[in-house]
Amino acid sequence: MDFKNKVVIITGASRGLGQEYARQFARHGAHVVACDLRSCDETLRIIKDEGAEGLALTTDVTSESSTFEMAAAASDRFDAIDILVNNAALYGSLTFAPFDKLKESEWDATMNVNAKGIWQCCKAVLPAMKKGEGGAIINISSLAAIYGMPNGLHYTASKAAVIGITRGLAREVGRFNIRVNTVAPNVVNTDATSEVWGDKRDKIMAATQSQQAIRKPLEKEDIVGTVLFLASDLSKLTTGQTIMVDGGTVLL
Ligand SMILES: NC(=O)c1ccc[n+]([C@@H]2O[C@H](COP(=O)([O-])OP(=O)(O)OC[C@H]3O[C@@H](n4cnc5c(N)ncnc54)[C@H](O)[C@@H]3O)[C@@H](O)[C@H]2O)c1
């Protein structure tokens, strides 16, 4: 896949899956704008090590002004926005508990970042994508939304909202040649997963694998190919879809 001179914005790119997307887009020739609440300096170094150009931004995806500043900075630097990967989310920092024990403040924060944040970022990049006569938006959901994850209803609901946003938006922006798709991974071996599960991490990963058709642990690199495919012209008439990367757990 060739993303030479394509401009991609990746949110939540300071570490984990977002950082891996940044590395791989850079490897495939894109200019990469890495955004996060946390510093993306390390990600920028990775982008440059891959021989690509990049930009590291401090962005709060829940804020309209911050996301518009993000889009303006990307356009100023690279004169276009072709691809947006909405990866930022509350995940590692969340408390997973029975639904009636979840804190209301955490429910609101989860919906705010994981669902509203995507809306804000999509609004921010729309003018540039329209100007460029097309674009690709990839929203990161989770298998939790499809499989139904117990003891994480705030996260599950927020990730189901991502699928709804994808479908509604795909129909609205198709006339501008902008495609919107979702990638829904199962549990991936990331720092955030270790934070969520603590010393139960290996047990959870093993239980997850036992339900997969292909019984291998999901690593960060295993998710990237589907994101790149949906960002590329190889999928130019695919929109509004959700692709699960789960080793064959939920089969539709
Ligand atoms: N790791 C998994 O098992 C798994 C499985 C399915 C889906 N996902 C999804 O993949 C994505 C990345 O997962 P990860 O494991 O790398 O998690 P992660 O917690 O390392 O990454 C999320 C990033 O989002 C950033 N972020 C949080 N709030 C933000 C805000 N308001 N504005 C900007 N950035 C903000 C965080 O700082 C963090 O860097 C998330 O959307 C997650 O829900 C992960």
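The first residue in the sequence is number 1, and the count goes up from there. Just so you know, these numbers use all the heavy atoms, side chains as well, and skip hydrogens, waters and symmetry mates. Order of appearance sets the numbers: ligands from 1, and atoms from 1 within every ligand.
- At the top of the distance list for atom 11 (C) of ligand 1, counting protein heavy atoms only, stands Asn87 OD1, 3.0 Å.
- Counting only non-hydrogen atoms, the option in Asp36, Leu37, Leu94, Leu90 that gets closest to atom 37 (O) of ligand 1 is Asp36.
- Atom 6 (C) of ligand 1 has Pro185 O, 3.2 Å as its closest protein atom, hydrogens excluded (heavy atom only).
- The protein atom (non-hydrogen) at minimum distance from atom 7 (C) of ligand 1 is Ser141 O, 3.2 Å.
- Contact between Asn186 and ligand 1 is present, with at least one heavy atom of the residue lying under 4.0 Å from the ligand.
- Which parts of ligand 1 touch Val187 is read off a 4.0 Å heavy-atom cut-off, strictly below it: atoms 3 (O).
- By the 4.0 Å N-to-carboxylate-O rule, Arg45 lies too far from Asp41 to be salt-bridged with it.
- The part of Thr59 lying near ligand 1 is the backbone, judged by heavy-atom distances below 4.0 Å.
- For ligand 1, the atoms sitting less than 4.0 Å from at least one non-hydrogen atom of Ser14 are 39 (O), numbered in the order shown with element in parentheses.
- The protein atom (non-hydrogen) at minimum distance from atom 15 (O) of ligand 1 is Thr190 OG1, 2.7 Å.
- For ligand 1, the polar-atom distance check against Ser142 finds no nitrogen or oxygen pair separated by under 3.5 Å.
- In this structure, atom 35 (C) of ligand 1 lies nearest to the protein heavy atom Ala88 CB, 3.7 Å.
- A donor-acceptor pair shorter than 3.5 Å can be found between the side chains of Tyr91 and Thr193.
- Atom-to-atom distance recorded for Ile81:CD1 and Lys131:NZ is 10.0 Å, nearest 0.5 angstrom.
- Checking each of Lys48, Gln19, Arg15 against Thr43 for a side-chain hydrogen bond (donor to acceptor under 3.5 Å, both in side chains) leaves exactly one that passes, namely Gln19.
- For the residue pair Thr208/Asn186, the side-chain donor-acceptor check at 3.5 Å is not satisfied.
- In summary, the side chains of Asn181 and Gln241 do not present any donor paired with an acceptor at a separation below 3.5 Å, with no hydrogens or angles considered.
- Here the side chain of Arg77 pairs a donor or acceptor atom with the backbone of Gly54 at under 3.5 angstrom.
- A distance of 11.5 Å separates CD in Glu195 from CZ in Arg201, rounded to the nearest 0.5 Å.
- Neither the backbone nor the side chain of Leu143 has a heavy atom within less than 4.0 Å of ligand 1.
- Interface of Thr193 with ligand 1, defined as ligand atoms under 4.0 Å from a residue heavy atom, comprises 1 (N), 2 (C), 3 (O).
- The heavy atom nearest to atom 20 (O) of ligand 1, considering only Arg15, Arg38, Gln19, is found in Arg15.
- Between atom CG of residue Leu84 and atom OG1 of residue Thr11 there is a gap of 6.5 Å, rounded to the nearest 0.5 Å.
- A distance of 6.0 Å or more separates the ring centres of His31 and Phe3.
- In this structure, Glu195 does not count as a contact residue of ligand 1, since none of its heavy atoms falls inside 4.0 Å of the ligand.
- Considering both main-chain and side-chain atoms, Thr62 never comes within under 3.5 Å of ligand 1 through any nitrogen or oxygen pair.
- Here the shortest heavy-atom distance to atom 9 (C) of ligand 1, taken over Ile204, Val183, Val188, Ile140, belongs to Ile140.
- Between the side chain of Thr249 and the backbone N or O of Asp246, at least one donor-acceptor pair lies under 3.5 Å.
- Residue contact check: Gly16 has heavy atoms under 4.0 Å from atoms 16 (O) of ligand 1.
- Annotation: Val61 places an N or O atom under 3.5 Å from an N or O atom of ligand 1; distance criterion only.
- Residue, atom and distance of the protein heavy atom nearest to atom 17 (O) of ligand 1 are Ala192 CB, 3.3 Å.
- Neither the backbone nor the side chain of Lys220 has a heavy atom within less than 4.0 Å of ligand 1.
- Thr156 places no side-chain N or O within donor-acceptor distance of the main-chain N or O of Ala145, the cut-off being under 3.5 Å.
- For the residues Ala89, Gly12, Cys121, the heavy atom positioned nearest atom 27 (C) of ligand 1 is part of Ala89.
- In the displayed structure, Lys123 atom NZ is contacted under 6.0 Å by more than 12 heavy atoms of other residues, nucleotides or ligands.
- Residue, atom and distance of the protein heavy atom nearest to atom 28 (N) of ligand 1 are Val113 CG1, 3.6 Å.
- The closest donor-acceptor contact from the side chain of Arg23 to the backbone of Ile46 lies at 3.5 Å or more, if one exists at all.
- With respect to atom 31 (N) of ligand 1, the closest heavy atom belonging to the protein is Asp60 OD1, 3.0 Å.
- Taking any N or O of Leu17, backbone or side chain, at least one lies under 3.5 Å from an N or O belonging to ligand 1.
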